[in-house]
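Comments concern the structure below.
Residue numbers count from 1 along this sequence.
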Amino acid sequence: MDSVTNILLSALVFSPLLAIIILAFVPNHQGGAIKQIGIYGTLLPLILALWMFGSFNYNATTLQFVEKHDWISIPIGLAQTGAVFTFDINYELGVDGISMPLILLTAIIATLAAVASWQLKKRLKEYFILFHVLLMGMLGVFAADNLFLFFIFFEMTLVPTFFLIGIWGYGEREHAANKFLLYNGIGSGIMLLAFIVIFIVLRTMNIEQIATILATPEHPAAAALSPAFRYGLFLALFIAFAIKLPVFPFHTWMLKVHVQAPPSIVMIHSGILLKMGAYGLLRMGIGFFPEQAYSFSTWLAVLGIINVLYGAVLAFVQKDLKMVLAYSSISHMGIVLLGFASMNTIGFQGAMFQVVSHGFISALLFFLIGVIWDRTQTSQIDELGGLAKSMPFVSGILLAGAMASLGLPGMSGFISEFFAFLGLFGRMPILAAIGAIGIVLTAVYLLRAILRTTFGQTPGRFEGLADAQPMEVIPMVVLLGCIILIGVYPAVLGNPMQQALKTIVPIVTGIGG
């Protein structure tokens, strides 16, 4: 059993390769077989992720399922002294209470997004190969315990996403794909420069070792870093991950993607890819430089409030359901920033709850918009109406998803927002009160959009629409079930996170409590 555990994380990360290899030998014209392999190929990562989550030790403070192997060794000689230094880059994986829930989130949403891809009709083989490459990159991001590996997996998600948007998206898909690649490429460049500087100064790429060294003032490498230099590195990492999250004003690329990408890819993009920004900001930005993050926390709160209110106000005036949900995502990512700005365990827990909760909620809502589009060929609110008469099941799930998004008690949105604002009220009560206005606005714009879509007079051409089909019911029920499970039993996320958050909010820095 120990030998299996020692390779379990690698098996999980690279399990999509099995589907890729099988798909490579399936003829292009066998569309049904390609779809089945594409969907069944996501079940192996899901099973492994569920097994790991069930085997996870909630009381451990260290990484679990750790793998470490020698990989790359770079000898560098100094001509002046003749000395030779070796920069070692190891293959290092490991998960803790923060990354483990995100891996499970990734596996669940990827499986349901593959099911949602059943309606696709063109270039299926290329689509599912790119889909599984994307899945491998996402799993690797959350499993990596090495900056080099993290960057490789992070970049691995960009190329397949670019093609999945640009080939299988809607009318302006190429523009959306180009904008996605441009903004994320800039963010990746900034992140790479920060990683290189950290590597040169500390001579290690292990994420845990870097955090330990930087938190030890007497360490020679840490002592050589001035507060200003540390602050510069923190800001570089913040900007890199703020583009991904996204934080205002780096958000415009995301709007195009959410409108133009196919529903299955928007499920992954809104549900998982945006969360990589929040994960990186917590793991590396705040985890490496907690004192600098603490001094920047007021600005974090201000940016969070801007995201919350800006997204909510603009969501209210949108006429396209996709744009409503896109601006809603910006608003809800602001709550993540507010949780981080609290600089205490409760707020951080709320932020990470929001990351997972919004992943499920946004995936559900964008999937439902895709179902409606498939029937009506429109997502304009003014052109829809009365869908509850012809599509009662879809309309009911849509309303339930909206209730979760606006924070109805008993659903995941409530507990995440409650913890995030509770943490912030402890430090910045005035800013927390201003940010809480966004919760009210969320109810206004979501209910306006959903009620105008599902109730009222039904246009004549929409009276005979088919309700949810069996392949469509599966993602709806599973995603809504996850949302309710977290809402009524938050310990399913809270227990794994507790110990990990205590190590990211170090007592020695005087941060948190």
Side-chain angles (χ1 to χ4, degrees), residues 112-113 115-121 169-171 255 258-267 270-271 312 314-329 331-332 358 360-408 411 413 441-484:
L112 299 178
V115 174
S117 305
W118 189 260
Q119 300 294 336
L120 291 177
K121 296 178 175 63
Y170 296 107
L255 300 173
H258 280 196
V259 172
Q260 300 301 328
S264 55
I265 301 308
V266 182
M267 289 173 67
S270 63
L314 288 185
F316 180 74
V317 299
Q318 298 304 311
K319 297 182 179 180
D320 188 334
L321 274 175
K322 293 180 182 179
M323 289 296 287
V324 172
L325 297 183
Y327 278 109
S328 176
S329 292
S331 181
H332 282 86
H358 183 263
F360 287 125
I361 294 171
S362 62
L364 174 61
L365 291 176
F366 275 108
F367 174 72
L368 291 167
I369 300 303
V371 172
I372 293 173
W373 172 276
D374 184 62
R375 308 298 200 271
T376 65
Q377 299 300 302
T378 183
S379 58
Q380 295 294 317
I381 297 173
D382 292 339
E383 297 178 9
L384 298 169
L387 294 183
K389 297 175 183 177
S390 55
M391 304 171 65
F393 186 83
V394 171
S395 300
I397 300 292
L398 183 63
L399 183 59
M403 293 295 104
S405 186
L406 61 83
L408 183 72
M411 292 186 167
L441 296 177
T442 302
V444 174
Y445 70 73
L446 276 176
L447 291 177
R448 164 190 170 270
I450 302 304
L451 294 180
R452 289 181 63 181
T453 300
T454 56
F455 293 97
Q457 185 175 0
T458 306
R461 65 184 188 278
F462 296 155
E463 289 182 354
L465 298 178
D467 206 356
Q469 303 301 306
M471 289 294 288
E472 296 168 336
V473 171
I474 295 171
M476 297 180 196
V477 172
V478 173
L479 289 170
L480 185 59
C482 292
I483 292 166
I484 295 173

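Here the straight-line distance linking atom CD1 of I474 with atom CZ of F367 works out to 9.0 Å at 0.5 Å rounding. Between the OG1 atom in T453 and the CE atom in M391 there is a gap of 11.0 Å [rounded to 0.5 Å]. Atom CE of M471 and atom CH2 of W118 lie 5.0 Å apart (nearest 0.5 Å). One distance of note links OG of S395 with CG of L368; it measures 9.0 Å at 0.5 Å rounding. Note that CG of L112 is 13.0 Å distant from CD of E472, once rounded to the nearest 0.5 Å. Summarising the geometry, atom CG belonging to L398 is positioned 9.5 Å from atom CE belonging to M403; distances are rounded to the nearest 0.5 Å.
Under the 4.5 Å side-chain criterion, counting only non-hydrogen atoms from C-beta, F316 is in contact with V444. Within the 4.5 Å cutoff, the side chain of W373 has heavy atoms near those of the S379 side chain. A heavy-atom distance below 4.5 Å is not found between the side chains of H258 and L325.
Residues A400 and M411 share a closest heavy-atom pair of O-SD, 3.7 Å. Nearest heavy atoms, Y170 versus P263: OH-CD, 3.5 Å. Taking each heavy atom of P459 and G385 in turn, the nearest pair found is CD-O, 3.3 Å. In terms of heavy-atom proximity, L255 sits nearest to A326 at CD2-CB, 3.8 Å. What you find for T442 and L406 is that their closest heavy atoms are CG2-CA, 3.7 Å. Residue A468 comes nearest to V473 through the heavy atom pair CB-CG2, 3.8 Å, listed as atom of the first residue, atom of the second, then distance.
Y327 does not carry K322 over the face of its six-membered ring by the limits of under 6.0 Å from the centre and within 45° of the normal.
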Q.
Please determine whether side-chain contact (heavy atoms from CB on, under 4.5 Å) holds for the pair D320 and I381, giving the CA-CA distance in whole Å, both sets of side-chain angles, and the decisive distance to 0.1 Å.
A. CA-CA 6 Å; D320 188 334; I381 297 173; over 6 Å; no
(Q) Walk me through whether I372 and L465 qualify under side-chain contact (heavy atoms from CB on, under 4.5 Å). (A) CA-CA 9 Å; I372 293 173; L465 298 178; over 6 Å; no
Q: Carefully, step by step, assess Y445 and S331 under the rule side-chain contact (heavy atoms from CB on, under 4.5 Å).
A: CA-CA 12 Å; Y445 70 73; S331 181; 4.3 Å; yes
Q: Apply side-chain contact (heavy atoms from CB on, under 4.5 Å) to D382 and R452, showing your working.
A: CA-CA 8 Å; D382 292 339; R452 289 181 63 181; 2.7 Å; yes
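No donor-acceptor pair under 3.5 Å is formed between the side chain of E383 and the backbone N or O of Q380. A donor-acceptor distance shorter than 3.5 angstrom exists from the side chain of T454 to the backbone of I450, with no hydrogens or angles considered. Checking side-chain atoms of H332 against main-chain N and O of S405 turns up a donor-acceptor pair under 3.5 Å. Formation of a donor-acceptor pair under 3.5 Å by the R375 side chain with backbone atoms of D467 is found in this model.
Few gaps surround CD on Q377; more than 12 heavy atoms of other groups in view lie less than 6.0 Å from it.
Side-chain contact, S270 with S362: a donor N or O sits under 3.5 Å from an acceptor N or O.
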